[in-house]
Amino acid sequence: MYSKPVRPVLVVIAHGSRDPRHAATVHALVRRVRSLRRGLRVETGFLDFNIPSVHGVLESLAAEGVRDVVALPLLLTRAFHAKADIPAVLRDAPPQLRIRQAEVLGPSPLLLSALERRLYEAGLTPADKSSTGVVLASAGSSDPEAIAVIAEIAREWRHTGWCAVRPAFASASLPRTEDAVRELRDLGCARVAVAPYVLAPGFLPDRIARGAAEADVLAEVLGPAPEVARLLLERYDAARTPALTAVGA
């Protein structure tokens, strides 16, 4: 008799934070993913600060007899965590697990849609786009590839009708959010909005918020936006295709 193949378990890998808002936001996003695809098992593991750890989740799954896993980095760029930390954790997973590592979330048109959703929720309207300058404020990275991706996203987003879009960084790189806000003022934008390109609250998002003090609008973090949840499922579906090589297979 034909039996339907068991879908791989989706393990969402979050960074973790001492700030309790971080884990709460990650769990809210995961709940939304589950609601979009009933029957898909979704687990959450943290690299640091929070429990369960990624290793603990993988050990538990292996002990249950799970064999196939898609590990999805809850990251917006391919910086150090995606290139080094997460592959190292996955290499240390129980050998009976077949693990495919999904791509990071960004860049994606769905993330631009989520950013605009947050700006509109903060009070802007589509009619405001042509007179509004936007600061695309990310956490920052010392990885040149990640910085280049943020700059390219800002250029791409500008072409959708905003007065101007400037990237900014809360750490490791320049300019800072407050400097980008002033630059957009100097350009003559009628209003300036700050769009945090971060998934969850924490130390660096708070720094972005402080840097937005002179802006007219500050959007919320991306969090459990519907577009972000859909993107997680897109990355899961792409990773579970047989064409991709499994980690540790």
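Only a predicted model underlies this, so the values are computations on that prediction, with no experimental measurement involved. Worth knowing before you read on, the calculation uses all heavy atoms, side chains too, and leaves out hydrogens, waters and symmetry mates.
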[X]/[Y] ion pair, N-O < 4.0 Å:
X: E145; Y: K83; result: yes
X: D237; Y: R7; result: no
X: E152; Y: R155; result: yes

When rounded to the nearest 0.5 angstrom, what distance separates [atom1] in [X] from [atom2] in [Y]?
X: D216; Y: L184; atom1: CG; atom2: CG; result: 10.5 Å
X: L97; Y: L90; atom1: CG; atom2: CG; result: 10.0 Å
X: R78; Y: S141; atom1: CZ; atom2: OG; result: 11.5 Å
X: E220; Y: E121; atom1: CD; atom2: CD; result: 8.5 Å
X: E64; Y: R67; atom1: CD; atom2: CZ; result: 11.0 Å
X: D128; Y: C163; atom1: CG; atom2: SG; result: 11.5 Å

Once the angle between the rings of W157 and W162 is folded into 0 to 90°, is it parallel (under 30°), tilted (30 to 60°) or perpendicular (over 60°)? perpendicular
- request: Decide yes or no on side chain to side chain contact (heavy atoms under 4.5 Å, CB included) for F49 and H22, but give the supporting numbers first.
  value: CA-CA 10 Å; F49 301 116; H22 175 91; over 6 Å; no
Over all heavy atoms of both residues, which pair between [X] and [Y] is shortest? Give the atoms and the distance, please.
X: E103; Y: P73; answer: O-CD, 4.1 Å
X: P224; Y: R32; answer: O-NH1, 2.6 Å
X: A93; Y: L58; answer: CB-CD1, 3.7 Å
X: R118; Y: V221; answer: NE-O, 2.9 Å
X: D179; Y: P175; answer: CB-CB, 4.1 Å
X: L115; Y: P196; answer: CD2-O, 3.7 Å

Does the side chain of [Y] come within less than 4.5 Å of [X]'s, by heavy atoms?
X: T160; Y: K129; answer: yes
X: V57; Y: T44; answer: no
X: D19; Y: F203; answer: no
X: D68; Y: V6; answer: no
X: L222; Y: L76; answer: yes
X: I13; Y: L75; answer: no
X: L40; Y: L233; answer: yes
X: V11; Y: I99; answer: no

Any donor and acceptor pair, going by atom type alone, linking the side chain of [X] with main-chain N or O of [Y] inside 3.5 Å?
X: N50; Y: S17; result: yes
X: R41; Y: V9; result: no
X: R117; Y: E227; result: no
X: R207; Y: A170; result: yes
X: Y236; Y: P8; result: yes

Are [X] and [Y] joined in one hydrophobic group, where the rule is that I, L, V, M, F, W and Y side chains link up if heavy atoms are under 4.5 Å apart?
X: V192; Y: V217; result: no
X: I153; Y: I208; result: no
X: L204; Y: L136; result: no
X: V198; Y: F169; result: no
X: L231; Y: V104; result: no

Test log, rule side chain to side chain contact (heavy atoms under 4.5 Å, CB included), inputs E178 and V181: CA-CA 5 Å; E178 53 269 34; V181 169; 5.5 Å; no
**OP:** Check the pair V228 / L199 against side chain to side chain contact (heavy atoms under 4.5 Å, CB included), numbers first and verdict last.
**Re:** CA-CA 9 Å; V228 179; L199 286 165; 4.0 Å; yes
| message | side chain to side chain contact (heavy atoms under 4.5 Å, CB included), that's the test. Do R176 and L174 meet it? Break it down for me. | response | CA-CA 5 Å; R176 294 287 183 256; L174 296 174; 3.8 Å; yes
